[in-house]
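Presented below is the structure to which this report refers.
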Amino acid sequence: MEMMVAAVSDNPMAEKLLSKRVQEMVINNNIEEPPQPYVSRVQEEEDPPPMAAMGAPPLVPIIDLSRIKSSSEEEESKDELYKIKAALSSWGCFQAIGQGISSSLLDEIRKIGREFFELAMDEKKKYAKTVHEFEGYGADPVPEQGQFLDWSDRLFLTVFPQDQRKYQFWPNNPHSFRGIVEEYMEKMKELTEFICKAMAKSLNLDENCFLEQFGDQSQFQIRFNYYSPCKWSDRVLGLKPHSDSSGFTIIMEDEQGLQVLKDDKWFNVPNNPHSILVLMGDQMQIMSNGILKSPVHRVLSNSERDRISVAVFYTPEVGKEIEPQNGLINEENPKLFKKIKDYADIYFPYYQKGQRAIHTAQL
Ligand SMILES: O=C(O)CCC(=O)C(=O)O
Ligand SMILES: [Fe+2]
């Protein structure tokens with residue numbers, strides 16, 4: 001996500017709104033109607049059919065990572081690896097349990113996120129980004145004309161490679177912030193490595209093949225998303241529909257709100273406080289030659305409760321070329337994507353128009 005963003009905006013109204021935080025608007029509570037650029041949905045546009053007519057909706061698959069042992073020959077491992085492939089080639093995501101991160105660390109990372117967003121506005125603004133930057137406290141850069149804005153504020157930081165950190169954006173308050181982020185991100189390094197190997201094995205590939213594509217200097221970025229309550233939850237989204245530009249993303253939340261698109265329908269991701277969601281980004285779709293899917297997802301706003309989510313984006317090293325794994329290509333399965341590098345730079349102008357970018361990598 002290291003890229004230059006045009007400093008001149010053709011969207012002055014959005015720019016003005018984005019120079020303030022959603023949380024400020026909510027705390028000041030002086031608006032009768034949401035500012036127009038936040039309005040994305042027409043009321044009743046997409047009321048779901050009655051539950052009874054649908055039967056029980058399918059659920060985001062749950063995978064117990066503790067069942068995957070170092071020897072993938074064991075039956076238990078084989079079962080779970082098969083489930084990983086099935087989940088990621090249909091849903092593009094799964095809820096991981098048994099992922100080896102203590103409940104207390106999961107609670108703490110959410111807690112420091114909450115504590116940060118509870119600070120006084122002036123204190124948070126010490127870490128403010130401009131409306132054209134990615135890192136720091138604020139919102140997404142100003143989108144193109146006609147695109148709506150998200151009902152959320154966030155804090156976005158690059159954690160690895162360590163020499164890419166911009167400490168001016170790292171809060172000193174709460175005091176434990178840096179230590180806990182570092183501890184959590186060390187765990188994320190272990191977990192992403194484990195998941196890369198498991199995905200490779202589930203596709204009958206050499207277990208290190210994806211790790212090699214990500215490279216030694218792969219990027220780990222953390223984003224705390226804070227969704228203020230929103231009186232107009234039927235018309236305003238917490239986060240617009242998008243797929244991630246990452247390799248893959250690991251998400252934790254403290255309230256329901258995230259939805260993934262599957263077979264043209266939206267499904268809620270259940271909120272299980274001690275599981276995490278593993279969600280494919282466009283670059284894993286490319287490296288897996290389209291077998292693993294990068295799902296479109298969005299976040300609803302909620303009229304009663306606020307919500308914190310913590311997303312970790314795991315992305316191939318800057319400047320490194322990635323491409324579909326050779327072992328997945330044969331006569332029946334031709335290569336679908338070309339070699340690309342720095343996909344995030346290609347992706348972003350499309351994201352700003354509310355569009356997907358994966359077609360730019362297609363052969
Ligand atoms: O808040 C969430 O659950 C999802 C966040 C997300 O999709 C993102 O930050 O890209
Ligand atoms: Fe996302």
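What's counted below: heavy atoms across the whole structure, side chains too, no hydrogens, waters or symmetry copies. Order of listing sets the numbers, starting from 1, for every ligand and every atom in it. It should be emphasised that the depicted structure is a prediction, and the values quoted were computed from it without experimental measurement.
Less than 4.0 angstrom separates some heavy atom of Leu258 from each of these atoms of ligand 1: 3 (O), 4 (C). Near Tyr227, with a cut-off below 4.0 Å to any heavy atom, the atoms of ligand 1 are 1 (O), 2 (C), 5 (C). Taking every heavy atom of Phe313 and a limit of under 4.0 angstrom, the matching atoms of ligand 1 come to 8 (C), 9 (O), 10 (O).
Atom 10 (O) of ligand 1 has its nearest heavy-atom neighbour, among Lys240, Glu255, His242, in His242. Residue Arg307 holds the heavy atom nearest to atom 3 (O) of ligand 1 of all those in Glu253, Arg307, Gln256.
Figure legend: cation-pi geometry between Lys197 and Phe194 absent, as NZ or CZ is not positioned both under 6.0 Å from the six-membered ring centre and within 45° of its axis.
Counting heavy atoms under 4.0 Å from ligand 1, residue Thr249 does not touch it at all. The proximity of Ile251 to ligand 1, defined as any non-hydrogen pair under 4.0 Å, is limited to the side chain. Contacts between Arg154 and ligand 1 below 4.0 angstrom, taking non-hydrogen atoms only, are absent altogether.
Taking a 4.0 Å cut-off on heavy atoms, Arg223 registers as neighbouring ligand 1.
Remark: Lys187 NZ is loosely packed, at most 12 non-hydrogen atoms of other residues, nucleotides or ligands lying under 6.0 Å away. Surrounding NZ of Lys341 are at most 12 heavy atoms belonging to other residues, nucleotides or ligands under 6.0 Å away.
For the residue pair Phe313 and Thr249, the shortest heavy atom distance occurs at CD2-OG1, 3.4 Å. For the residue pair Asp64 and Gly98, the shortest heavy atom distance occurs at OD1-CA, 3.7 Å.
The closest protein non-hydrogen atom to atom 6 (C) of ligand 1 is Leu239 CD2, 3.4 Å. At the top of the distance list for atom 2 (C) of ligand 1, counting protein heavy atoms only, stands Ser309 OG, 3.3 Å.
Here the side chain of Glu133 pairs a donor or acceptor atom with the backbone of Thr130 at under 3.5 angstrom.
Checking each of Cys230, Ser233, Pro229 against Trp151 for a side chain to side chain contact (heavy atoms under 4.5 Å, CB included) leaves exactly one that passes, namely Cys230. Shown are Arg110, Arg114, Arg307; of these, the salt bridge (charged side-chain N to carboxylate O under 4.0 Å, His left out) with Asp254 is made only by Arg114.
Taking only nitrogen or oxygen atoms, main chain and side chain alike, His297 reaches within less than 3.5 Å of ligand 1.
Looking at Glu193 and Lys189, no side-chain N of the basic residue comes within less than 4.0 Å of a carboxylate O on the acidic one, giving no salt bridge.
Among the heteroatoms counted here (N, O or S) of Asp244, OD1 is the one nearest to the Fe ion (ligand 2).
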